[in-house]
Amino acid sequence: MSLSYRSGGVTVAVEAPRGPWQQRVVEACAGQVVKGTPLGSVDIHVRLEVGSGPFPVEGMDPLTRGAWVGGERVVIEDACASGLDLRFTIGADSLAVEARPRPRPSQRGLALLAPGRTQLLWRAAILQYPVLWWAGVKGGVPMHVSALSVDGEGVVLAGPGGVGKSTLLAQATSDGAQALSDNLCVCFGSTLYGVLEPLRTAGGTGRRMPHGRRETAWAARLERVDAGRILVLRRGSETEANMVPIPTGEAARVIAAGTYAAGELRRYWAFASTLALGTGLGPAHPPVVGSAGDLANGIPCSEVQLPATPSAPLIDLIQGSRAVGLGKQIPTGA
């Protein structure tokens, strides 16, 4: 059966055998999956081949350790330490990804001891990283930010992992905001496309994941927003939230640093450079720093010091950032 969805600005169709693997795909799509191949073009076609042996690499040239290239194809063994072998085929305007599960004994043991971590690894390897890379071929840049729309304005939440972006995002959607993504976006200038993944919070009701969080499906989500404001989140020791305007350069630096530090993207940089080397497509390294600067340029940026115990709702903080003195842009270096 084919399952399809939109992620990172592209259409993805996934063929997975019935049973556990198909259920894992549905779970990863967080309530946004559509059964059947969508009308119109498919940008990325993923096929899971369970029970198959390794991809043949005879006649292919070694690319790097564990990777080979031949013609329009690249094979990566144990991609992202996920236990999945991947074969990529470049089409005229599409990407085909074939995945064969071939976990090592240690990876089988990890799947029993830490199923949430294993889920994240294979999800990244076959559903998220190909989207990020193919969007990068088209000019998009990966960003570790959350994004939403509040009263028609695109709001970007930036900050290191664990600062509370997902919790504030879940709270805002319950108050009427429209969410774009939990942690990952693809940035084209000032336009952000959400990379599909479940929302992960301490109060979730789905699969238990690392850091004491659980996954939750989206009731609804936007595909894209145009950034109108950036909130940089930090944890403080005060009892109330405090907010001050910051220069655009400081906001851009936090976005870039948070993207490079993100656990979700730790294995992406080698993944993307291997495909760029083998195909001649896309940048050898995504221009994260420059793209973060372009995103922050020209829009108001504020730093929000969050208390140890959340108090004010996110929508109240956003409305506060629109107040006099916080709604104007502070240029880089001010």
Side-chain angles (χ1 to χ4, degrees), residues 1-16 21-38 40-48 80 82 84 94-95 97 99 116 119-138 140-149 154 156-157 161 165-166 169-170 172-173 177-188 191-201 204 206-207 209 213-225 259 262-265 267-268 271-272:
M1 178 181 291
S2 181
L3 308 170
S4 61
Y5 58 94
R6 292 282 294 175
S7 179
V10 302
T11 300
V12 183
V14 183
E15 291 183 23
W21 278 102
Q22 189 174 107
Q23 182 55 41
R24 289 166 188 160
V25 173
V26 171
E27 186 178 40
C29 291
Q32 304 298 294
V33 69
V34 176
K35 292 183 178 180
T37 303
S41 62
V42 172
D43 301 292
I44 301 175
H45 196 151
V46 179
R47 185 170 73 231
L48 271 159
C80 308
S82 65
L84 295 163
S94 63
L95 174 67
V97 184
Q119 178 93 339
L120 291 176
L121 283 173
W122 80 256
R123 184 186 292 171
I126 64 173
L127 299 181
Q128 293 176 340
Y129 288 2
V131 164
L132 291 173
W133 182 73
W134 194 243
V137 170
K138 309 298 182 182
V141 179
M143 290 287 175
H144 184 255
V145 295
S146 301
L148 66 160
S149 176
V156 178
L157 305 181
K165 297 188 297 295
S166 297
L169 188 73
T173 56
Q178 296 175 289
L180 180 78
S181 66
D182 181 23
N183 283 297
L184 296 175
C185 289
V186 174
C187 185
F188 290 85
T191 300
L192 295 166
Y193 290 85
V195 176
L196 183 57
E197 59 179 333
L199 180 64
R200 294 191 292 273
T201 64
R207 177 186 290 271
M209 304 304 284
R213 299 181 298 175
R214 287 184 178 271
E215 294 189 334
T216 301
W218 299 98
R221 62 183 280 273
L222 296 175
E223 182 182 353
R224 55 167 283 180
V225 298
T259 296
E264 292 91 340
L265 294 171
R267 293 172 174 83
Y268 176 69
F271 177 95

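Note: Arg123 CZ to Glu197 CD = 7.5 Å, rounded to the nearest 0.5 Å. Taking CG from Leu265 and CD from Gln128, the interatomic distance works out to 8.5 Å, rounded to the nearest 0.5 Å. Taken from CG in Leu157 to NE2 in His144, the straight-line distance is 11.5 Å, to the nearest 0.5 Å. A distance of 12.5 Å separates NE2 in His45 from OG1 in Thr11, rounded to the nearest 0.5 Å. Considering CD of Glu223 and OG of Ser181, their distance stands at 12.0 Å, rounded to 0.5 Å. Between the SG atom in Cys80 and the CD1 atom in Ile126 there is a gap of 11.0 Å [rounded to 0.5 Å].
The shortest distance between side-chain heavy atoms of Pro130 and Val46 does not fall below 4.5 Å. With contacts defined as side-chain heavy-atom distances shorter than 4.5 Å, the pair Gln178/Val225 does not qualify.
Contact between Tyr5 and Cys29 at its shortest, heavy atoms only, is CD2-SG, 3.4 Å. In terms of heavy-atom proximity, Trp134 sits nearest to Ile44 at CB-CD1, 3.8 Å. Contact record, Leu169 with Ala147: CD1-O, 3.9 Å, taken as the closest heavy-atom pair. Here the closest non-hydrogen pair linking Tyr193 and Gly8 is CB-C, 3.7 Å. Scanning both residues, Leu48 and Ala16, for their nearest heavy atoms gives CD1-CB, 3.9 Å. Residues Leu127 and Val131 come closest through the heavy atom pair O-CG2, 3.3 Å.
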CA sep, side-chain torsions, deciding dist, call: Arg267, Leu121, side-chain contact (heavy atoms from CB on, under 4.5 Å): CA-CA 9 Å; Arg267 293 172 174 83; Leu121 283 173; 3.6 Å; yes
Trace of the side-chain contact (heavy atoms from CB on, under 4.5 Å) decision for Trp122 with Arg24: CA-CA 10 Å; Trp122 80 256; Arg24 289 166 188 160; 3.1 Å; yes
Asp43 and Leu95: CA distance, side-chain angles, deciding distance, side-chain contact (heavy atoms from CB on, under 4.5 Å) verdict: CA-CA 6 Å; Asp43 301 292; Leu95 174 67; over 6 Å; no
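Between the Arg221 side chain and the Leu180 main chain, a donor and an acceptor come within less than 3.5 Å of each other.
A donor-acceptor pair shorter than 3.5 Å can be found between the side chains of Glu27 and Gln119.
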